[in-house]
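Side chains included, hydrogens not; waters and symmetry mates left out as well; all remaining heavy atoms used.
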Amino acid sequence: QVQLVESGGGLVQPGGSLRLSCAASGSIVSINAMGWYRQAPGKQRELVAVIPRGGSTKYADAVKGRFTISRDNRKNTVYLQMNSLKPEDTAVYYCNADIAKSLLSPVNNYWGQGTQVTVSS
């Protein structure tokens with residue numbers, strides 16, 4: 001089984017910072033793209049940032065210049081550094097990854113359970 005476990009969410013004041021982490025565990029041979037999505041109450045889930053195994057990162061316009069995605073391939077972990085947080089960043093943040101469980105198996109897409117980020121004074 002493959003699991004994605006997020007951590008680092010919480011309550012922060014506007015202008016503050018948080019760092020989210022997502023660790024993939026289980027039977028993993030390789031991880032392609034890893035990313036973060038978020039879903040606010042009453043809204044659809046949306047892409048926040050994605051980082052391929054190699055190549056350039058991609059960000060939603062709403063977070064460009066404030067959020068930074070990174071990964072540690074040795075730890076099968078992806079991070080999201082969030083600075084200058086705004087109330088509109090409040091959402092459940094989900095980790096996502098494309099993972100191959102063996103050399104012969106296809107790449108499947110996996111989701112974490114989500115972590116709540118609340119930006120409020």
Side-chain angles (χ1 to χ4, degrees):
Q1 293 289 345
V2 172
Q3 279 191 314
L4 299 179
V5 179
E6 300 109 332
S7 61
L11 173 65
V12 64
Q13 292 186 341
S17 298
L18 281 176
R19 188 191 194 210
L20 304 183
S21 299
C22 171
S25 63
S27 177
I28 297 171
V29 168
S30 66
I31 304 177
N32 295 342
M34 302 185 81
W36 290 94
Y37 290 72
R38 67 186 181 186
Q39 188 167 17
K43 295 187 177 181
Q44 288 188 335
R45 191 172 298 189
E46 63 178 6
L47 173 70
V48 176
V50 63
I51 182 168
R53 188 172 184 87
S56 58
T57 56
K58 177 181 177 181
Y59 295 92
D61 288 343
V63 307
K64 281 180 181 177
R66 300 187 298 122
F67 291 10
T68 301
I69 189 170
S70 61
R71 63 190 285 175
D72 185 335
N73 291 327
R74 295 171 302 173
K75 298 181 179 179
N76 290 338
T77 299
V78 62
Y79 306 95
L80 186 68
Q81 177 66 43
M82 304 185 294
N83 299 326
S84 302
L85 282 160
K86 304 175 181 179
E88 51 264 42
D89 294 317
T90 295
V92 177
Y93 283 70
Y94 296 92
C95 175
N96 181 270
D98 293 326
I99 296 174
K101 297 173 63 177
S102 73
L103 292 176
L104 299 179
S105 65
V107 173
N108 291 317
N109 187 257
Y110 294 87
W111 289 93
Q113 81 286 354
T115 184
Q116 176 70 46
V117 172
T118 303
V119 184
S120 175
S121 54

Exercise. If every non-hydrogen atom of Val29 is compared with every non-hydrogen atom of Ser102, which pair is closest and at what distance?
Worked result: CG2-CA, 3.2 Å
Problem set entry | Leu80 with Val12, same ILVMFWY side-chain cluster at under 4.5 Å | yes
For this session: Determine, stepwise, if the pair Asn32 / Val107 fulfils side-chain contact (heavy atoms from CB on, under 4.5 Å).
Result: CA-CA 8 Å; Asn32 295 342; Val107 173; 3.7 Å; yes
Exercise. Which class fits the ring pair Trp111 and Tyr94: parallel under 30°, tilted 30 to 60°, perpendicular over 60°?
Worked result: perpendicular
Exercise. Just how far is it from atom CD1 of Ile51 to atom CD1 of Ile69, taken to the nearest 0.5 Å?
Worked result: 5.5 Å
Problem set entry | Gln116, CD: over 12 other non-hydrogen atoms inside 6.0 angstrom | yes
Exercise. If you round to the nearest 0.5 Å, how far is OG1 of Thr68 from OH of Tyr79?
Worked result: 14.5 Å
Exercise. Any luck finding a side-chain donor-acceptor pair between Arg38 and Tyr93 under 3.5 Å?
Worked result: yes
For this session: Identify the heavy atoms of Ala33 and Val50 that sit nearest to each other, and give their distance.
Result: CB-CG2, 4.1 Å
Exercise. Out of curiosity, does Leu85 fall in the hydrophobic cluster containing Tyr59 (side-chain heavy atoms, cut-off under 4.5 Å, transitive links)?
Worked result: yes
Exercise. Are any side-chain N or O atoms of Thr90 and backbone N or O atoms of Glu88, one a donor and one an acceptor, separated by less than 3.5 Å?
Worked result: no
Problem set entry | Common cluster, Val2/Trp36, ILVMFWY with side-chain heavy-atom separation under 4.5 Å | yes
For this session: Provide the closest heavy-atom pair for Ser121 versus Pro14 in the form atom of the first, atom of the second, distance.
Result: N-CD, 3.7 Å
Exercise. Are Asn83 and Ser17 close enough that a side-chain donor and a side-chain acceptor fall under 3.5 Å?
Worked result: yes
Exercise. Would you say Tyr110 and Ile28 are hydrophobically clustered, going by side-chain heavy atoms of ILVMFWY under 4.5 Å?
Worked result: yes
Exercise. Which atom names give the shortest non-hydrogen contact between Cys95 and Val78, and what distance separates them?
Worked result: SG-CG1, 3.8 Å
Problem set entry | Atom pair CZ (Arg71) and OG (Ser21), whose distance is rounded to the nearest 0.5 Å | 14.0 Å
For this session: May I ask you to check whether Asn96 and Asn109 show a side-chain donor-acceptor distance below 3.5 Å?
Result: yes
For this session: Check the surroundings of atom CD in Gln44: do more than 12 heavy atoms from other residues, nucleotides or ligands lie under 6.0 Å from it?
Result: no
For this session: Examine distances only and state if a side-chain atom of Arg66 and a backbone atom of Ser84 form a donor-acceptor pair shorter than 3.5 Å.
Result: yes
Exercise. Taking all atoms of both residues into account, what is the closest heavy-atom pair of Gln113 and Leu4, and its distance?
Worked result: OE1-O, 3.4 Å
Seminar exercise, completed: Partner of Leu20 under side chain to side chain contact (heavy atoms under 4.5 Å, CB included), picked from Met82, Gln81, Glu6, is Met82
Problem set entry | From SG (Cys22) to CD (Gln3), nearest 0.5 Å | 10.5 Å
Problem set entry | Heavy atoms of other groups near Lys58 NZ, more than 12 under 6.0 Å | no
For this session: List the atom of Met34, the atom of Asn76, and the distance in Å for their closest heavy-atom pair.
Result: CE-O, 4.1 Å
For this session: Could you walk me through whether Leu18 and Val119 pass side-chain contact (heavy atoms from CB on, under 4.5 Å), step by step?
Result: CA-CA 10 Å; Leu18 281 176; Val119 184; over 6 Å; no
Problem set entry | Verdict with supporting geometry, Lys86 and Asp89, salt bridge (Lys or Arg N to Asp or Glu O under 4.0 Å) | CA-CA 5 Å; Lys86 304 175 181 179; Asp89 294 317; over 6 Å; no
